[in-house]
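Inspection log for the structure reproduced underneath, given as structure tokens.
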Amino acid sequence: MIPTTPRSGLLGLQWIDRLLPPLGRPDRDDRQLPEAPLTIEIGAATGVGPTTMSAFDAALRDLGVGDANLIRLSSVIPPHATLERTARVRKPIPWGDRLYCVYAAQHAIGNGRRAAAGIGWVLRDDHSGAGLFVEHEAETAEEVELLIRSSLADMTANRPERFGPIQLCTSETRCEGDPACAIVLAAYHTTPWTRR
């Protein structure tokens, strides 16, 4: 007689017990580590290269995220997040990991042309840490700031919550031969493609 468990007996499939973790004990690979608070690092950089793509890559490397696969998010800041301005993203990012982020990037091509990018944000005034990002690109940082303020004013006016003051991070560069890139990036979280 083949012994059965509540699961295999019910299904009539004894072999299924070999595939499932013991009852009442989670599968080791599915155990969840306690979630750390989300820290969103916001940084700005510029880069120059022989092509617009290499200028973009140079800016990403300068910001410390050049080895990540960027996954662009829409612009909602989740509750309990902490925002930190930084010159360089400090999150450890192993080669090829996914980096969830909000970013703005603009290129300047042609001597004397300028490029600017920026991110602005507001937090709800209920101390929840929740808020909104917006990202814009233009030719100058002043133009970017106007766009950010206009977008956030409209986005907050059309929500029932109340929000604190607008905060900004912008980057501007000028082309002096090779293409140049200005970038501002808010780094949320990194995730590997496989379990480590």
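This is a predicted model, so every value here is computed, not measured.
- Listed for the K91 side chain is no donor-acceptor partner under 3.5 Å among the backbone atoms of E41.
- For T52, there are no side chain to side chain donor-acceptor pair (under 3.5 Å) partners, not counting sequence neighbours.
- A donor-acceptor pair under 3.5 Å is absent between the side-chain atoms of D97 and the main chain of T190, judged by distance alone.
- Clustering ILVMFWY residues whenever any of their side-chain heavy atoms sit less than 4.5 angstrom apart, transitively, puts L38 in a cluster other than the one holding V89.
- Partners of R88 according to the side-chain contact (heavy atoms from CB on, under 4.5 Å) rule, which considers only residues two or more places apart in sequence or in another chain, do not exist here.
- E135 and Y103 make their closest contact through CG-O, 3.5 Å (heavy atoms, listed as atom of the first residue, atom of the second, distance).
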Taking only distance into account, with no hydrogens and no angle test, what donor-acceptor pairs under 3.5 Å do side-chain atoms of residues 170-187 form with protein atoms, sequence neighbours excluded?
from: S171; atom 1: OG; to: A45; atom 2: O; distance (Å): 3.1
from: E172; atom 1: OE1; to: A141; atom 2: N; distance (Å): 2.9
from: E172; atom 1: OE2; to: R114; atom 2: NH1; distance (Å): 3.3

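- For residues 72-81, every residue pair satisfying the salt bridge (Lys or Arg N to Asp or Glu O under 4.0 Å) rule, not counting sequence neighbours, is listed here: R72-E137.
- Between the CD atom of Q106 and the CZ atom of F56 there is a distance of 12.0 Å, given to the nearest 0.5 Å.
- At a threshold of 4.5 Å between non-hydrogen side-chain atoms, the residues L83 and I77 count as touching.
- Linking Ile, Leu, Val, Met, Phe, Trp and Tyr residues whenever their side-chain heavy atoms come within less than 4.5 Å leaves L63 and Y100 in two separate clusters.
- Here the SG atom belonging to C101 is positioned 11.0 Å from the CD1 atom belonging to I40, to the nearest 0.5 angstrom.
- Other members of the cluster containing V134 are V76, V122, L132, V144, I148, L152, M155, F163, I166, L168, with ILVMFWY side chains joined at under 4.5 Å, either directly or via other members.
- Within the structure, the salt bridge (Lys or Arg N to Asp or Glu O under 4.0 Å) test picks out no pair touching residues 183-194 (sequence neighbours left out).
- For the atom pair OG1 (T51) and NE2 (H107), the distance works out to 8.0 Å, reported to the nearest 0.5 Å.
- Applying the salt bridge (Lys or Arg N to Asp or Glu O under 4.0 Å) definition to pairs two or more places apart or across chains, those involving residues 59-68 are D57-R61.
- Listed by chain and residue number, E145 satisfy the salt bridge (Lys or Arg N to Asp or Glu O under 4.0 Å) test with R149 (two or more places apart in sequence, or in another chain).
- Tracing side-chain contacts under 4.5 Å through hydrophobic residues (I, L, V, M, F, W, Y), one never reaches I71 starting from L60; they form parts of separate clusters.
- For D126, the salt bridge (Lys or Arg N to Asp or Glu O under 4.0 Å) partners at least two apart in sequence or on another chain are R124.
- With sequence neighbours left out, the salt bridge (Lys or Arg N to Asp or Glu O under 4.0 Å) criterion links E84 to R90.
- No chain of hydrophobic side-chain contacts below 4.5 Å, direct or via other Ile, Leu, Val, Met, Phe, Trp or Tyr residues, connects L73 to L99.
- Residues meeting the salt bridge (Lys or Arg N to Asp or Glu O under 4.0 Å) test with R85, sequence neighbours left out: none.
- In this model, a donor atom of one side chain and an acceptor atom of the other lie less than 3.5 Å apart for S151 and H136.
- Across G43 and C169, no two heavy atoms sit closer than the pair C-SG, 4.4 Å.
- For the atom pair I119 CD1 and Q167 CD, the distance stands at 12.5 Å (nearest 0.5 Å).
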Decide yes or no on side chain to side chain contact (heavy atoms under 4.5 Å, CB included) for I93 and V65, but give the supporting numbers first.
-> CA-CA 7 Å; I93 307 176; V65 299; 3.9 Å; yes
Side chain to side chain contact (heavy atoms under 4.5 Å, CB included) between V102 and W121, worked out = CA-CA 11 Å; V102 171; W121 63 95; over 6 Å; no
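- Under the rule for a side chain to side chain donor-acceptor pair (under 3.5 Å), the partners of N158 that lie at least two apart in sequence or sit in another chain are D154.
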